[in-house]
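Reading through the structure tokens given below for one structure.
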Protein chains: 2
Amino acid sequence: MTTELNPLGNHLSYALAAAHRSVTQALTVRLKKHGIQIEAWRVMECLDAGTKLSMGELAKQALLNPPALSKLVDRMVSDGLVHRQIATADQRQINLLLTNLGRRRMLQVRQDVEDEDRALAEQFDTKDGALLIQLLSQLS
Amino acid sequence: MTTELNPLGNHLSYALAAAHRSVTQALTVRLKKHGIQIEAWRVMECLDAGTKLSMGELAKQALLNPPALSKLVDRMVSDGLVHRQIATADQRQINLLLTNLGRRRMLQVRQDVEDEDRALAEQFDTKDGALLIQLLSQLS
DNA sequence: TGAAATTAGTTGACTTGGAAAGCAAATTCA
DNA sequence: TGAATTTGCTTTCCAAGTCAACTAATTTCA
């Protein structure tokens with residue numbers, strides 16, 4: 001039972017990378033038909049949540065470094081999903097806003113992400129899915 | 001207790017991405033002083049495990065797509081960590097071998113990875129680290 | 001006040017990764 | 001056997017990410 005096929009199997013960092021890779025690949029396939037990146041979907045969900053976010057806040061929540069977010073937003077702007085608005089209080093800050101197209105697109109994508117989530121949850125015994133999320137969040 | 005700061009927090013794919021990001025960043029910092037990528041370390045561990053691996057097998061174990069592995073190996077060859085050997089049975093296959101430098105480097109890096117693993121394990125109650133690995137491996 | 005320091009976001013040069021095509025060896029089978 | 005197919009790995013071209021430098025707005029404090 002402790003027979004290891006892979007010398008890396010006991011490393012948490014490896015188990016995490018393997019799981020992340022496999023989940024990401026599956027999700028990417030699902031999102032392909034929307035012509036959208038996982039990161040772009042995360043950005044849109046954060047924007048939809050209500051509170052105005054600066055690029056910096058958004059970067060943290062969407063798990064992107066600032067330059068990566070900047071460039072992703074450039075693409076999303078030219079796809080008509082979001083637009084930049086200079087914050088009134090601090091003119092250096094940008095508030096990103098969903099366009100109507102962006103909001104519609106987000107809702108469609110959300111369907112597929114939730115399908116994927118359900119598919120993943122089925123791989124676990126009843127409470128293990130929530131437990132996994134709980135354990136994972138201790139790491140970030 | 002169910003107050004969500006982040007609208008994405010309940011998605012397994014998000015929890016996984018967040019944990020992966022944070023663990024990867026920490027590990028990358030540790031490995032920086034060896035001038036080595038996490039992926040390169042994974043490759044070296046796989047090679048060290050004994051059985052001769054083709055590029056294809058290695059790619060799977062090290063969690064890389066074949067083109068990415070090819071390119072990484074190019075770099076590792078020019079850093080003197082590994083060398084390519086054409087397999088005798090099938091001339092299309094490559095067996096990758098660790099050089100002495102590569103083996104020494106791997107042992108040094110392994111120290112740091114294990115330090116990092118221990119640091120991570122401390123964030124959990126006794127058995128939760130192993131449980132997490134077990135749950136994660138159901139996903140890949 | 002206003003010069004110096006800090007902060008927010010973007011840009012540019014460079015590196016890395018992915019999809020698809022390419023090449024060569026091995027296998028299939030008519 | 002040998003033409004057609006499949007397999008293993010690499011290359012090419014392009015998309016995307018990083019680090020460090022940059023611009024502009026804000027804050028600090030002498």
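Naming convention: chains lettered A, B, ... in sequence-line order (proteins, then strands); numbering from 1 in each chain.
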Reading 5' to 3' through nucleotides 1-12 of chain D, protein heavy-atom contacts under 4.0 Å coded B for base, S for sugar-phosphate only, - for none: ------BSSBBB
Cationic N near anionic O, under 4.0 Å, A:Lys33 to A:Asp112: yes
Whole angstrom value for the distance that separates P of C:dG9 from NZ of A:Lys60: 10 Å
Residues B:Leu131, B:Phe124; criterion side chain to side chain contact (heavy atoms under 4.5 Å, CB included); working and verdict: CA-CA 10 Å; B:Leu131 173 59; B:Phe124 294 108; over 6 Å; no
Atom-pair distance (CD on B:Glu39; P on C:dG17), nearest Å: 6 Å
Side chain to side chain contact (heavy atoms under 4.5 Å, CB included) assessment of B:Leu63 paired with A:Leu8: CA-CA 11 Å; B:Leu63 312 177; A:Leu8 294 164; over 6 Å; no
Main-chain N/O of A:Leu81 paired to A:Thr99 side chain as donor or acceptor, under 3.5 Å: yes
Atom-to-atom span, CD1 of A:Ile36 to P of D:dA15 - whole angstrom: 17 Å
Those residues of residues 18-33 of chain B lying under 4.0 Å from DNA chain C by at least one heavy atom: none
Hydrophobic cluster identity match, B:Leu97 and B:Val73, side-chain contacts under 4.5 Å: no
Which residue lies more 5' along DNA chain D, comparing A:Thr88 with A:Leu64 via nearest heavy atoms: A:Leu64
Mutual orientation of the aromatic rings belonging to B:His11 and A:Trp41 [parallel < 30°, tilted 30-60°, perpendicular > 60°]: perpendicular
Nearest-Å distance for atom pair CZ/P, residues A:Arg75 and D:dA15: 10 Å
Separation between CD1 of B:Ile133 and CG of B:Asp117, rounded to the nearest 0.5 Å: 7.0 Å
Presence of salt bridge, B:Asp74 and B:Arg84, under 4.0 angstrom: yes
Candidates A:Arg104, A:Arg103, A:Arg42 - the one meeting salt bridge (charged side-chain N to carboxylate O under 4.0 Å, His left out) with A:Asp48: A:Arg103
Under 4.0 angstrom between A:Gln37 side-chain N/O and D:dG17 OP1 or OP2: yes
Spacing of A:Asn65 atom CG relative to C:dG12 atom C1', expressed in whole Å: 17 Å
Interatomic distance where CD1 belongs to A:Ile38 and C1' belongs to C:dG18 [whole Å]: 14 Å
Distance in angstrom units between B:Leu72 CG and C:dT15 P, rounded: 15 Å
Whole-Å gap separating P (C:dT27) and CD (B:Gln91): 11 Å
